[in-house]
Amino acid sequence: MYSDYKSPFAYLAFDPAFALEQRFQIRLRWIPFQLRIKGKGERSLYSEHKARYSYLDARRCAKPRGLMIRGPLKVYDTTPALIGGLFAENQGRLLDYSRKVYEMFFKRELEADQPEAVANVMANLGMSANNYREYLSGEGAQAYQNAQDEAASDNVFGVPLFIFENEPFWGHDRLPILEERLTESGLAV
């Protein structure tokens with residue numbers, strides 16, 4: 001599953017995607033992908049309408065689940081948070097970390113482009129903020145670049161994007177179709 005913390009649809013897909021591991025004989029692999037988004041004034045009028053509609057639609061899907069989704073006030077380079085996801089995964093804490101980052105980001109309580117803000121999330125979750133800082137500028141930067149290179153070879157263009165047996169499924173609303181493929185492949189538990 002390719003994902004970015006600034007995508008409301010990746011947020012909506014996160015827990016349901018990992019729940020697939022309970023119903024199917026699979027291991028879901030989370031891969032960070034940096035969405036390239038244009039900001040206000042850089043988009044066409046039609047793209048502005050689409051962006052507003054997308055957040056409206058995301059909020060409709062989030063409300064029954066008790067999730068809050070507020071549109072960000074700027075376009076974020078989420079590299080520090082995405083490398084944080086890789087660090088948390090190495091600590092066996094990807095799910096906890098990602099849930100907290102998504103929640104805080106969409107409540108406008110986290111500047112996902114600020115390494116110190118991400119380090120505070122790490123500390124609040126009981127992980128080492130100092131080890132995260134070291135990982136961010138060293139091994140994490142390389143792991144992140146490897147993920148971006150893998151995304152390029154997989155022709156990733158948006159998130160969430162799931163790949164099963166080389167077949168892409170883009171969007172949180174494609175999870176039922178992915179589940180059909182998993183069932184057809186005999187992977188149901």
Side-chain angles (χ1 to χ4, degrees), residues 1-21 24 26-39 42-43 47 50-51 54-55 57-58 61 69 71-72 74-102 105-106 110-115 117-118 121-122 132 135-179 181-182 185 187:
M1 171 177 68
Y2 285 96
S3 190
D4 188 353
Y5 293 119
K6 69 178 158 267
S7 165
F9 296 105
Y11 183 22
L12 291 169
F14 190 79
D15 278 334
F18 275 97
L20 294 173
E21 292 181 327
F24 297 94
I26 62 161
R27 185 184 79 73
L28 184 70
R29 182 173 161 236
W30 177 84
I31 307 170
F33 175 73
Q34 182 74 234
L35 281 176
R36 306 289 180 213
I37 299 174
K38 292 181 179 179
E42 299 175 315
R43 301 184 284 231
S47 292
K50 181 180 178 184
S54 292
Y55 273 94
D57 204 29
C61 295
I69 294 180
K74 68 178 189 177
V75 175
Y76 284 84
D77 174 346
T78 49
T79 301
L82 292 168
I83 293 175
L86 292 167
F87 176 80
E89 184 173 44
N90 289 341
Q91 308 299 307
R93 302 288 305 276
L94 175 66
L95 299 180
D96 296 336
Y97 169 81
S98 294
R99 288 175 182 138
K100 182 54 75 178
V101 168
Y102 278 125
F105 181 79
F106 285 106
L110 175 67
E111 296 293 317
D113 58 350
Q114 300 298 313
V118 175
V121 172
M122 295 295 178
Y132 159 73
Y135 183 81
L136 176 68
S137 60
E139 183 183 335
Q142 184 59 55
Y144 172 78
Q145 186 56 53
N146 292 345
Q148 301 317 290
D149 294 344
E150 185 176 356
S153 70
D154 281 341
N155 300 313
V156 175
F157 56 88
V159 297
L161 191 124
F162 304 89
I163 298 177
F164 175 66
E165 295 183 345
N166 297 317
E167 182 179 1
F169 300 85
W170 177 48
H172 78 289
D173 55 343
R174 298 308 189 275
L175 279 168
I177 300 168
L178 174 57
E179 288 184 47
R181 293 291 190 281
L182 295 171
S185 295
L187 296 170

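Because only heavy atoms are used, hydrogens play no part in the values below, and waters and symmetry mates are left out as well, while side chains stay in.
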- When rounded to the nearest 0.5 angstrom, what distance separates CD1 in Ile31 from CE in Met1? 9.5 Å

- What distance separates Trp30 CH2 from Phe14 CZ, expressed to the nearest 0.5 Å? 8.0 Å

- Query: Looking at Tyr135 and Ala143, what are the two nearest heavy atoms and their distance?
  - Reply: OH-CB, 3.7 Å

- Task: Could you name each residue pair satisfying salt bridge (charged side-chain N to carboxylate O under 4.0 Å, His left out) that touches residues 4-15, not counting sequence neighbours?
- Result: Asp4-Lys6, Asp15-Arg99

Return all side-chain donor-acceptor pairs below 3.5 angstrom for residues 158-173, not counting sequence neighbours, or 'none' if the list is empty.
| from | atom 1 | to | atom 2 | distance (Å) |
| --- | --- | --- | --- | --- |
| Glu167 | OE1 | Arg181 | NE | 3.1 |
| Glu167 | OE2 | Arg181 | NE | 3.4 |
| Glu167 | OE2 | Arg181 | NH2 | 3.3 |

- Message: If we ignore hydrogens and angles and just use 3.5 Å, is the side chain of Gln148 paired with the main-chain N or O of Gln34 as donor and acceptor?
- Response: yes

- Task: Using atom types as modelled and distance alone, determine if a side-chain donor or acceptor of Tyr144 lies under 3.5 Å from a backbone N or O of Leu136.
- Result: no

- Here the pair of heavy atoms bringing Ser3 nearest to Tyr102 is OG-OH, 2.6 Å

- Task: Measure the CZ-OG1 distance between Phe105 and Thr78 for me, rounded to the nearest 0.5 Å.
- Result: 7.5 Å

- Note on the structure: One should read off an interatomic distance between Leu28 CG and Leu178 CG, to the nearest 0.5 angstrom, of 9.0 Å

- Would you call Phe9 and Ser54 a side-chain contact if the rule is heavy atoms closer than 4.5 Å? yes

- Query: Just wondering, do Ile83 and Val118 contact through their side chains at under 4.5 Å, heavy atoms?
  - Reply: no

- Does Tyr132 reach the side chain of Val121, with side-chain heavy atoms less than 4.5 Å apart? no

- Output all residues satisfying side chain to side chain donor-acceptor pair (under 3.5 Å) with Tyr76, sequence neighbours left out; order by chain, then residue number. Glu111

- Message: Within the 4.5 Å heavy-atom criterion, are Leu20 and Leu175 side-chain neighbours or not?
- Response: yes

- How close do Asp113 and Lys74 get, heavy atom to heavy atom, and via which atoms? OD2-NZ, 2.9 Å

- For Gln142, side chain to side chain donor-acceptor pair (under 3.5 Å) partners two or more places apart: Asn146

- Can you pull the salt bridge (charged side-chain N to carboxylate O under 4.0 Å, His left out) pairs that have at least one residue in residues 75-91, sequence neighbours excluded? none

- Message: By the salt bridge (charged side-chain N to carboxylate O under 4.0 Å, His left out) test, which pairs, at least two apart or in different chains, include something from residues 136-146?
- Response: none

- Message: Walk me through whether Leu110 and Tyr5 qualify under side-chain contact (heavy atoms from CB on, under 4.5 Å).
- Response: CA-CA 11 Å; Leu110 175 67; Tyr5 293 119; over 6 Å; no

- Task: Mind checking the CZ-CG spacing from Phe33 to Leu82? Nearest 0.5 Å is all I need.
- Result: 10.5 Å

